[in-house]
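Counting from 1, the numbers follow the sequence of the chain as shown. Numbering of ligands and ligand atoms starts at 1, following listing order.
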Amino acid sequence: MIRARCYFDHNASSPLRPEAREAMMRAFDLVGNASSVHAEGRAARAAIEDAREQVARLCGADTAQVVFTSGGTESNVLALAPEWLSKLPGYAPEKARLFTSAIEHPSAYQGGGFDAQQITRLPVTADGVVDLDAAKELISRGDGAPFMVSVMSANNETGAIQPTAELGEIVRAAGGILHCDAVQSVGRVPMDVSALGADLVSVSAHKFGGPKGAGALIIVRDELHNPVPVMHGGGQERGRRAGTENFPAIAGFGAAAEAVQRDLQTGDGIGAVQPLRDRLERELKRIAADAWIAAENASRLPNTTCVAVPGLHGETLVIAMDLEGIAVSAGSACSSGKVERSHVLDAMGLDNETASGAIRISLGWSSTDAEVERFLSAWQAIYERRKHESAAA
Ligand code: PLP
């Protein structure tokens with residue numbers, strides 16, 4: 001009998017939700033171009049605008065603030081442009097600065113349109129949370145010229161939730177712009193972009209059951225409404241993102257947003273994930289009392305556990321789990337598929353051995369009790385084997 005796979009890698013990508021698939025199938029039959037004025041064009045336009053409302057509702061934003069992009073990476077690069085600062089008083093190109101945390105996703109970590117010498121890293125605590133005192137101190141060293149700060153709402157490897165609201169106050173008081181990469185928290189926890197404290201917010205559909213290749217940048221602050229486009233050409237997305245819209249992907253994004261919002265309200269699907277994750281974590285620590293859990297003392301996303309056990313190598317563990325039919329990831333396999341030292345665990349000051357043992361278990365809307373059970377029996381078997389092997393050595 002072929003056993004179904006058990007998928008615990010939602011932070012890399014979530015399976016497509018049926019609601020998203022249905023909306024996409026309907027959209028594939030729309031023949032028009034959303035810029036055309038005829039009935040076919042208007043039908044395509046309607047699919048995009050419906051999705052814009054669904055995404056705006058999930059994020060607590062206005063529809064006019066939502067710019068569709070090809071995903072979180074593009075949204076981050078669109079956000080991280082020194083030109084945004086030119087809209088603020090006191091702008092001087094040679095003084096433009098970007099502050100990003102040391103645990104950002106590579107698409108924000110690399111700084112978008114900012115040069116390396118314009119970037120200052122904000123340090124994090126041992127729990128993987130941006131150190132607010134250090135951030136305040138570094139930001140206050142500026143000379144009053146406008147600057148940008150980019151900090152994620154929750155980390156993709158550890159799930160640690162970042163203090164964006166407090167940071168927003170610090171940034172605004174000092175005359176800057178705060179961009180927040182909310183790719184891992186939208187669709188996992190209730191979201192209200194105004195409470196997040198950010199001026200620009202990145203979202204990606206495939207982290208919560210929408211299709212890959214769809215995302216949005218939400219422009220919260222009014223005076224920033226005209227970014228410098230990454231994609232130049234036609235006037236789509238009110239001139240902010242040229243190119244004929246991929247409306248099947250956008251429609252799937254919208255449908256997933258609506259479905260996930262319902263789940264968060266009713267406590268189903270992703271809304272029921274925390275008890276599953278907490279049980280998994282409790283039991284895995286009961287089996288392996290020497291397990292270390294990243295950001296254990298911080299507020300974390302309800303779906304993420306990053307764990308390491310002395311003597312167990314992350315890659316070996318991922319392969320052993322895969323052979324048991326269970327998908328987890330080692331380090332941050334978000335983009336490359338290859339396992340490199342995690343810059344996130346490095347920034348948290350973790351020793352080499354623990355860092356190389358870390359695996360990330362991330363649950364999502366499709367996770368079940370039975371899957372947690374399967375994970376735990378595989379974990380127990382692998383852990384026991386390791387104990388016997390080290391006793392025999
Ligand atoms: N930001 C974070 C925090 C992520 O985890 C990812 C994951 O890949 C991205 C951005 C990139 O999003 P996308 O895959 O939609 O380009």
Just wondering, more than 12 heavy atoms not from Arg21 lying within 6.0 Å of its CZ?
no
Structural part of Thr73 in contact with ligand 1, heavy atom criterion under 4.0 angstrom:
both
Consider only side-chain N and O atoms of Thr125 and Asp127, and report whether a donor and an acceptor are under 3.5 Å apart.
no
Number the atoms of ligand 1 from 1 as they appear, then name those within less than 4.0 Å of a heavy atom of Asp181, with their elements.
1 (N), 2 (C), 3 (C), 10 (C)
Ligand 1 atoms nearer than 4.0 angstrom to some heavy atom of Gln184 are 3 (C), 4 (C), 5 (O)
Closer than 4.0 Å to some heavy atom of Gly71 - which atoms of ligand 1 meet that?
15 (O)
Side chains of Asn11 and Arg188 only: does a donor on one sit below 3.5 Å from an acceptor on the other?
yes
Interfacing atoms of ligand 1 (cut-off 4.0 Å, heavy-atom, Met152):
3 (C)
Have Ser36 and Asn33 got a donor and an acceptor in their side chains that come within less than 3.5 Å?
no
Distance-only polar pair, side chains of Asn76 and Tyr109, donor-acceptor under 3.5 Å:
no
Selection from His206, Lys212, Glu104, Glu157 by shortest heavy-atom distance to atom 14 (O) of ligand 1
His206
Between Lys207 and ligand 1, which part of the residue brings a heavy atom under 4.0 Å of the ligand: side chain, backbone, both or neither?
side chain
Number the atoms of ligand 1 from 1 as they appear, then name those within less than 4.0 Å of a heavy atom of Gly72, with their elements.
12 (O), 13 (P), 15 (O), 16 (O)
Can you list the atoms of ligand 1 that are under 4.0 Å from a heavy atom of Ser204?
13 (P), 15 (O)
Does a side chain donor of either Arg97 or Thr120 reach within less than 3.5 Å of an acceptor in the other side chain?
yes
Check whether the side chains of Glu281 and Thr305 place a donor and an acceptor atom closer than 3.5 Å, and report yes or no.
yes
